[in-house]
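Taking it in order: structure first as structure tokens, then the write-up.
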Amino acid sequence: MRKYLIAAALTAVFVTPALAEQFYVVFDPASHKCEAMHEIPEGKKSMGTYGSMEEATKAMHGMKECG
């Protein structure tokens with residue numbers, strides 16, 4: 001029983017950070033273009049937060065500012 005608890009705890013420790021990953025659609029006012037990123041660089045505007053790169057990319061294509 002103890003082996004199962006230890007295995008479950010180790011699995012949770014390694015899997016949880018991957019599930020909490022966030023992606024941002026970031027707008028650059030100088031170039032008028034958007035990018036999907038892990039962080040929001042200084043001088044750029046966040047257009048939204050998404051749970052996966054696919055979601056961020058799909059949302060970015062639907063934004064008129066990112067055209």
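Everything numeric here is computed off the predicted structure, so don't read it as measured data.
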Inter-residue atom distance Cys34.SG - Lys45.NZ, 0.5 Å rounding: 9.5 Å
Same cluster (ILVMFWY, side-chain, under 4.5 Å), Met37 and Val25: no
Sequence-distant partners of Pro29, side chain to side chain contact (heavy atoms under 4.5 Å, CB included), two or more places apart: Phe27
Min side-chain heavy-atom separation Ser46-Val26 under 4.5 Å: no
Can you list, pair by pair, the side-chain donor-acceptor contacts under 3.5 Å of residues 55-67, counting residues two or more places apart and other chains?
from  : atom 1 : to    : atom 2 : distance (Å)
Glu55 : OE1    : Gly51 : N      : 3.2
Thr57 : OG1    : Met53 : O      : 2.8

ring-ring contact (aromatic ring centres under 6.0 Å, His included) partners of Tyr24, counting only residues at least two apart: none
Test log, rule side chain to side chain contact (heavy atoms under 4.5 Å, CB included), inputs Asp28 and Lys33: CA-CA 6 Å; Asp28 184 358; Lys33 295 190 180 193; 5.5 Å; no
Side chains of Phe23 and His38 in contact at under 4.5 Å (non-hydrogen atoms): yes
